[in-house]
Amino acid sequence: MNMRKFKRRINRIIPNGRQMVIGVPFIWLFLFFMLPFFIVLKISFAEADVAIPPYTEIYTYAEQKLQVLLNLGNYALLGDDELYIAAYLGSLKMAFISTVLCLLIGYPMAYAIASARKELQTVLVLLIMMPTWTAILIRVYAWMGILSNNGLLNGFLMSMGLIDEPLQILNTNLAVYIGIVYSYLPFMILPLYANLVKHDQSLLEAASDLGSSTFNSFWKITIPLSKNGIIAGCMLVFIPVVGEFVIPELLGGPETLMIGKVLWQEFFNNRDWPVASALAVVMLAILIVPIILFNRSQAKEMEGKE
Amino acid sequence: MKRFRFSSLMLVLGLLFIYLPMLILVIYSFNASKLVTVWGGWSIKWYVGLLDNSQLMGSVLRSLEIACYTAVAAVALGTLAAFVLTRITHFKGRTLFGGLVTAPLVMPEVITGLSLLLLFVAMAQMIGWPQERGIVTIWIAHTTFCAAYVAVVVSARLRELDLSIEEAAMDLGARPWKVFFLITIPMIAPSLAAGGMMSFALSLDDLVLASFVSGPGSTTLPMEVFSAVRLGVKPEINAVASLILLAVSLVTFLVWFFSRRAEEARKKAIQQAIEESAADSWKQPDARRAPAPQTV
C-alpha cells in the first residue's frame with residue numbers, strides 16, 4: 001500500500017513521456033539559443049574593462065542596495081560614429097542586391113530542375129545541394145585564386161586580348177558580390193524547387209487552352225503560386241548575408257564595409273565585448289522582421305499547410 | 001517552349017558557375033610550381049607535405065571528433081524537435097518552439113557565436129562550468145545549429161508518413177515509445193542518415209561559431225585554414241581544400257546512394273504487395289477490394 005503511494009508520488013515528479021519529448025529539445029534550445037541573446041543584451045549595457053571577462057557588471061548589490069548601472073554609451077557610439085552606420089547600410093545594400101541577383105539566377109534554375117525528368121531531378125537537386133555542405137571557406141578561397149591580379153580570369157582575358165593589363169577584381173565589392181551569389185545560390189534554389197515541383201501542371205495547361213501566352217501564364221500563375229518558396233529563398237539569403245563575415249573578409253577590400261566584419265574586429269581585435277554586443281543587438285533588431293517572416297513560411301511548410 | 005529552353009540554359013550555366021571554381025581548385029592542388037598561378041606540371045608533393053604538418057593533422061582529428069559528436073547529438077535533438085512539430089500540434093509555447101527550431105537556420109553566425117560565448121563566460125562565472133572552452137563548447141554550438149537542419153529534413157519525411165501504420169500499432173497495444181522506436185524510426189531512417197551526414201559536413205565546415213567558442217589549444221581545421229588563407233593563396237591550402245571537397249562529395253554520394261536504395265526497396269515492397277493482393281483477389285474475388293492495376 002505504502003509502496004503504491006510512493007510510486008504515485010514518484011510518477012507525479014517524473015515528467016511523462018509527452019512532456020519529456022517536448023521538454024528536451026525545448027530546454028536545449030532555450031538554454032543554448034534564446035537565453036544567450038538576453039546575455040548579449042545585458043552586456044551591451046556594460047562598459048569595457050581591462051579584466052577577465054573584459055566588461056563591467058551592470059548591477060551591484062552592497063549594503064542592501066541593488067544598483068543597476070546601464071551604460072548607454074555603446075549605443076550612443078553606434079549612432080555617432082559614421083563607420084558603424086555605413087557598415088549597417090553597406091551590409092543591407094549588399095544583402096539586398098545579392099538576394100535579387102540570386103533570385104534572378106536561381107528562379108530559372110529551379111524552374112528547369114522542376115520541369116526535368118523525375119530521375120534527373122534527384123541528381124540535379126543533389127548537385128545543387130552538395131556545395132551547401134562544402135566549406136564556404138573553401139569555395140570562397142577558390143575564387144581568391146581565380147580573381148586575383150595574376151589569377152586565372154585575368155590571365156584568360158589577357159590571352160584573349162580583351163584587356164591589356166589585369167583588372168583589379170579581388171578586394172573590391174564586385175568580388176564580394178560574386179562570392180556571395182556563388183555561396184548562397186543553392187539556398188535560393190532549394191526552397192524554390194521544393195515549391196515549384198508541387199505545382200499542378202493542369203493549371204498551366206488550362207491557361208494555355210484558354211489562349212494565355214506562356215509568359216502570361218508564367219507571370220500570373222507560376223509566380224504567384226511560388227510566393228512561399230520565393231519568401232523562404234530570399235530570407236535564407238538575405239538574413240545570413242547581412243551578418244556575413246568570411247566572404248567580405250577574404251574577397252573584400254578596404255571599401256567593403258559590412259557589419260559582420262566590424263563586429264568581428266571589435267570582438268577579436270579590439271576586445272571590446274560590450275560594443276560588439278551592442279552591434280549584435282542592433283543587427284538583430286534590424287533582422288527581426290525578416291526572421292519572423294521566414295519562421296512563418298517555415299512553420300507553414302513544416303505543418304504541411306499551404 | 002522558348003522559356004523552357006532559356007531556363008535549361010540558365011541551369012547549365014549555373015551549374016558551371018557552381019562547379020568550375022571547385023574543379024579549378026582541385027586541378028591546381030596538383031600543381032608542381034610553388035607559384036599558385038603558374039602551371040608547373042603535375043605533382044602530389046603538397047599532399048605528401050600535409051602529412052608532416054602535425055599542427056594541421058591535429059586540427060583535422062579534432063574537427064573530425066567534434067563532427068562525429070555533433071552528428072549524433074544533432075540527429076537525436078533534431079528528430080525530437082521534428083517529431084514535436086509535426087505530431088504534437090497543441091501545447092503551450094508551440095509558436096515559440098517552432099521559432100526556436102527554425103531560427104538557427106538563418107541567424108547570422110556572428111550573432112550566434114558571440115551570444116553563445118557570452119553565455120559560456122557567464123555560466124563559468126556563476127556555476128563554474130565550463131572552466132575551459134574547447135571541444136565541448138564547440139560541440140554544443142554545432143549541435144544547436146545542426147539540429148535545425150536535421151529538424152527540417154526529418155519533419156519533411158515525418159509529414160509524408162502514413163499515420164495509419166503507427167495507429168495500427170497503438171491499437172494493437174504498443175506503447176508510444178515502442179511505436180516510435182520500432183515503427184517510426186525505421187521508416188524515417190534514410191532522412192536520419194541524411195541529417196546525420198549533413199550535420200557532420202556542416203560541423204566540419206564551420207569557422208565562425210568555432211572561432212568564438214573555442215579556447216586556447218582547440219583550433220579546428222577551418223580555423224587553421226582561415227588563418228593561412230588570410231595571407232593569400234598557398235599550394236598547401238589547395239591540397240587541404242581539395243581533400244575536404246573530396247570528403248564532402250563522398251559523403252554526398254553515400255547519402256544519395258543509400259536514400260536511393262531505400263527508396264527502391266520501398267517501391268519494390270509496394271509493388272510486391274500489390275502483386276500479391278492481385279493474386280489473392282484472383283483466387284477469391286472480393287467485391288470490397290479495388291482491382292489491382294494491370295500494368296505495374
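The structure presented is a predicted model; accordingly, all values stated were derived computationally and were not measured. Lettering of chains follows the sequences in order, A, B, ..., and the numbering in each one begins at 1.
Contact count versus chain B (heavy atoms, under 4.5 Å) is highest, among A:Ala142, A:Pro186, A:Gly106, for A:Ala142. Between chain B and the options A:Leu41, A:Leu250, A:Val242, A:Val237, heavy-atom pairs under 4.5 Å are most frequent for A:Leu250. Contacts with chain A were tallied for B:Gly14, B:Ala241, B:Pro21; B:Pro21 has the most, counting heavy-atom pairs under 4.5 Å. With chain B as the partner, the residue from A:Tyr107, A:Phe245, A:Phe267, A:Tyr55 showing the most heavy-atom pairs under 4.5 Å is A:Phe267. Contacts with chain B were tallied for A:Ile39, A:Leu263, A:Ile22; A:Ile22 has the most, counting heavy-atom pairs under 4.5 Å. The choice from B:Ala103, B:Ala147, B:Gly98 that makes the most heavy-atom pairs within less than 4.5 Å of chain A is B:Ala103. Comparing B:Leu202, B:Ile24, B:Ile140 by how many heavy-atom pairs each has under 4.5 Å with chain A, the most go to B:Ile140. Each of A:Phe38, A:Phe187, A:Trp143 has some count of heavy-atom pairs under 4.5 Å with chain B, and the biggest count is that of A:Trp143. Counting heavy-atom pairs under 4.5 Å between each of B:Gly99, B:Pro104, B:Ala81 and chain A puts B:Pro104 at the top. Annotation: maximal heavy-atom pairing with chain B below 4.5 Å, among A:Gly243, A:Pro25, A:Ser183, A:Pro131, occurs at A:Pro25.
At a 4.5 Å heavy-atom cutoff, B:Leu13 makes no contact with chain A through either its backbone or its side chain. Heavy atoms of B:Phe253 lying under 4.5 Å from chain A are absent altogether. Contacts between B:Thr144 and chain A at a heavy-atom distance below 4.5 Å involve backbone atoms as well as side-chain atoms. Proximity to chain A (any heavy atom under 4.5 Å) is restricted, for B:Ile88, to the side chain, taken from C-beta onward. Neither the backbone nor the side chain of B:Thr95 comes within contact range of chain A; no heavy atom of the residue lies under 4.5 Å from a heavy atom of that chain. The part of B:Val121 that comes within reach of chain A is its side chain, from C-beta onward, which places non-hydrogen atoms under 4.5 angstrom from that chain. In this structure, chain A has a heavy atom under 4.5 Å from the side chain of B:Leu25, while its backbone stays farther away. For B:Ser211, the parts sitting under 4.5 Å from any heavy atom of chain A are the backbone and the side chain alike.
A salt bridge is absent between B:Arg261 and B:Glu264: the closest approach of a Lys/Arg side-chain nitrogen to an acidic carboxylate oxygen does not fall below 4.0 angstrom.
Contact detail for A:Ile113 and A:Ile189: the closest heavy-atom pair is CD1-CG2, 4.1 Å. Nearest heavy atom pair, residue A:Met188 against residue A:Cys102, reads CG-O, 3.6 Å.
Scored by the ring-ring contact (aromatic ring centres under 6.0 Å, His included) test, B:Phe180 finds B:Phe83 as partners (sequence neighbours excluded).
To the nearest 0.5 Å, atoms CD (A:Glu249) and CG (B:Leu207) are separated by 10.0 Å.
Contact residues of residues 271-280 of chain A toward chain B are A:Trp273, A:Ala276, A:Ser277, A:Ala280 (heavy-atom distance under 4.5 Å).
Under the 6.0 Å cut-off for aromatic ring centres, B:Phe212 and A:Phe268 qualify, their centroids lying closer than that.
Checking A:Phe26, A:Phe30, A:Phe33, A:Trp28 one by one against B:Phe97, the ring-ring contact (aromatic ring centres under 6.0 Å, His included) holds for a single residue, A:Phe26.
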